[in-house]
Protein chains: 2
Amino acid sequence: MSTAGGRARTEQPIERSLHQRIRADIEDRILSGAWSPGHRIPFEHELMAQYGCARMTVNRVLSSLVEAGLIERRRRAGSFVRRPVGQSAVLRIPDVKAEVLARGETYRYELLSRARRRATREDRGRIAVAAGAPVLALLCRHVAEDRPYALEDRLIALDSVPEAAAADFAAELPGTWLLRHVPWHEAEHTIVAAGADAAIAEKLAVPVGTACLVIERRTWRSDQPITAVRVWYPGDRQKLVARFTPSTDAGAGR
Amino acid sequence: MSTAGGRARTEQPIERSLHQRIRADIEDRILSGAWSPGHRIPFEHELMAQYGCARMTVNRVLSSLVEAGLIERRRRAGSFVRRPVGQSAVLRIPDVKAEVLARGETYRYELLSRARRRATREDRGRIAVAAGAPVLALLCRHVAEDRPYALEDRLIALDSVPEAAAADFAAELPGTWLLRHVPWHEAEHTIVAAGADAAIAEKLAVPVGTACLVIERRTWRSDQPITAVRVWYPGDRQKLVARFTPSTDAGAGR
DNA sequence: AAGTGGTCTAGACCACACC
DNA sequence: GTGTGGTCTAGACCACTTA
């Protein structure tokens with residue numbers, strides 16, 4: 001072909017380059033959940049046909065998705081949507097259950113309370129749902145070796161995740177349940193230190209005023225709020241580690 | 001050329017592909033400081049000549065370095081090493097001074113103590129220097145509106161940063177000074193909540209036992225320890241925010 | 001054996017910025 | 001204008017994996 005490079009520009013003169021458009025298409029389908037983890041995305045030759053472009057172009061897109069950690073590729077098999085990693089490679093938010101079990105301690109989880117209600121003013125400060133939208137409020141306690149380990153105060157937006165209303169959160173950790181039902185969401189963590197007030201202290205079986213690490217995580221999926229959770233860890237027992245290399249934050253790298 | 005694709009494999013049969021090798025070369029030079037921020041890296045045609053490869057290959061490498069946030073590229077001008085961003089795009093470690101000034105409050109900084117010594121056992125637990133290696137120990141207080149705001153307890157490895165011995169840390173924040181002298185380092189943050197003990201409480205002018213957010217940052221440059229700093233924030237006054245999108249953690253993305 | 005991804009080439013046109 | 005990066009092509013060889 002003689003008009004090699006100019007083609008894409010000529011055909012999509014609006015804004016994005018072809019590979020950006022392809023990447024956005026695939027990324028949207030993954031992040032929206034249309035292609036859930038494990039889904040095989042089209043082969044390179046299929047994408048070539050679909051977008052009418054060279055293999056190098058789709059290959060470049062798929063490679064960048066690998067770097068971003070969104071997909072994995074296996075020869076002869078194809079390219080697959082990855083299961084989202086813990087939360088992030090950089091900030092290791094502790095998976096309480098896994099860590100406790102890893103230390104060889106017993107782990108138990110208790111659902112202290114569960115309430116379905118229309119979002120109160122305070123709820124709406126934590127999770128950006130519409131006024132009066134239904135939410136599920138959960139209070140859970142993680143117990144290691146029969147000692148309270150962490151307290152989890154969670155709201156779930158039922159408009160976004162209606163199936164949560166019927167889930168049995170006494171049997172399955174809300175976090176685990178949500179990860180199975182709503183993979184690939186965006187998250188924001190806020191981390192503060194606070195002294196335990198009377199109510200918290202009692203449930204954690206620590207003195208009032210004990211310094212706690214409070215991690216609040218709010219998650220969305222394409223601008224729809226999913227959940228807001230506030231976890232109280234007695235401070236000396238839990239720490240967060242975040243590690244940054246200037247480059248290679250996300251992915252395979254080298 | 002007839003033996004198109006096989007070339008790199010044939011010439012570097014050991015392990016890495018050509019573009020990985022080129023990327024590693026450039027990345028090492030940036031992270032080691034050989035090419036400091038602002039440095040213009042070779043033009044694509046120069047790299048082509050140097051590695052004897054096609055332009056597409058070096059272009060791919062440079063594009064990935066842009067995505068990783070290591071370089072920026074300007075048409076007609078060239079490609080340049082970027083200045084490292086604050087700390088990380090994901091975890092916003094507060095720049096105390098900037099935040100205080102942004103609120104329109106007065107800011108002051110006090111160097112409470114400065115000592116040059118051979119690393120003690122405790123020092124070596126914080127910063128992995130050799131036994132007896134010289135370290136600079138600083139204790140600083142950040143003051144907003146004449147109220148103590150945060151306490152900074154820092155060690156600097158003088159073997160790695162000998163110029164620090166002569167720096168005037170009463171005049172310039174150690175963090176700022178280090179960023180100017182040692183850009184592009186690897187960092188690890190550990191975040192815990194702790195109650196202020198008597199010494200800390202007195203210097204922060206808060207009651208003993210006040211819940212504080214303690215952020216410890218340790219930084220290296222190619223496995224050489226640079227500094228270890230522990231910052232105490234009275235808990236209610238400071239919070240950390242970390243935001244993750246599953247994809248596009250690092251870079252330009254979209 | 002066949003089909004997938006991994007990598008590379010040699011060339012092309014374009015946009016853009018600076019001269 | 002001139003030279004940089006931005007993008008794309010059409011084809012190639014290879015390695016690996018699975019059938």
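Chain identifiers are assigned alphabetically (A, B, ...) following the order of the sequence lines, protein sequences preceding nucleic acid strands; residue numbering begins at 1 within each chain. Owing to the predicted nature of the structure, the values given are computational and were not obtained by experimental measurement.
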Problem - B:R75 CZ to D:dG5 P, straight-line distance once rounded to whole Å - result: 10 Å
Practice task
Could you check whether the rings of A:W177 and A:F169 sit parallel, tilted or perpendicular, using 30° and 60° as the cut-offs?
Solution key: perpendicular
Completion exercise
Whichever of B:E44 and A:T57 has the more 5' nearest nucleotide on DNA chain D, that residue is B:E44
Exercise for the section: May I have the distance from A:R74 (atom CZ) to D:dC16 (atom P), rounded to whole angstrom? Expected result: 17 Å
Practice task
Starting from the 5' end of DNA chain C, give me the residue, B:M56 or A:R76, whose nearest nucleotide shows up first.
Solution key: A:R76
Practice task
Using only side-chain N and O atoms of A:S17, determine if any of them is under 4.0 Å from OP1 or OP2 of D:dG6.
Solution key: no
Exercise for the section: Measure the distance from CZ on A:R73 to P on D:dT18 and round it to the nearest whole Å. Expected result: 15 Å
Problem - NZ/NE/NH1/NH2 to OD/OE distance under 4.0 Å, B:R180 and B:E172 - result: yes
Exercise for the section: Give me the ring orientation class for A:Y149 and A:Y233: parallel if the planes are under 30° apart, tilted from 30 to 60°, perpendicular past 60°. Expected result: perpendicular
Fill in the blank from the handout: Taking D:dG5, C:dG5, C:dC8 as options, the one with an atom nearest any side-chain atom of B:H19 is C:dC8
Practice task
Return the nearest nucleotide to the side chain of A:F43; candidates are C:dT4, C:dT7, C:dT9.
Solution key: C:dT4
Handout entry: Distance test, side-chain N/O of B:H45 to OP1/OP2 of D:dG3, below 4.0 Å
Key = no
Exercise for the section: Kindly point out which of C:dG6, D:dG5, C:dT9 is positioned nearest to the side chain of A:R55? Expected result: C:dG6
Exercise for the section: For A:L62 and C:dT7, give me the distance from atom CG to atom P, rounded to whole Å. Expected result: 13 Å
Fill in the blank from the handout: B:R221 and B:S32 have their tightest heavy-atom pair at NE-O, 3.4 Å
Practice task
State plainly whether the residues A:R60 and A:E67 are in salt-bridge range, i.e. N to O under 4.0 Å.
Solution key: no
Problem - Sugar-phosphate, base or nothing in reach of B:S79, heavy atoms under 4.0 Å - result: sugar-phosphate
Problem - Interatomic distance, A:L18 CG vs D:dG6 P [rounded to whole Å] - result: 17 Å
Practice task
For B:N59 and C:dT7, give me the distance from atom CG to atom C1', rounded to whole Å.
Solution key: 15 Å
Fill in the blank from the handout: Atom CG of B:L65 and atom P of D:dG6 are separated, to the nearest Å, by 12 Å
Problem - Gap between atoms CZ and C1', on B:R60 and D:dG5 respectively (whole Å) - result: 17 Å
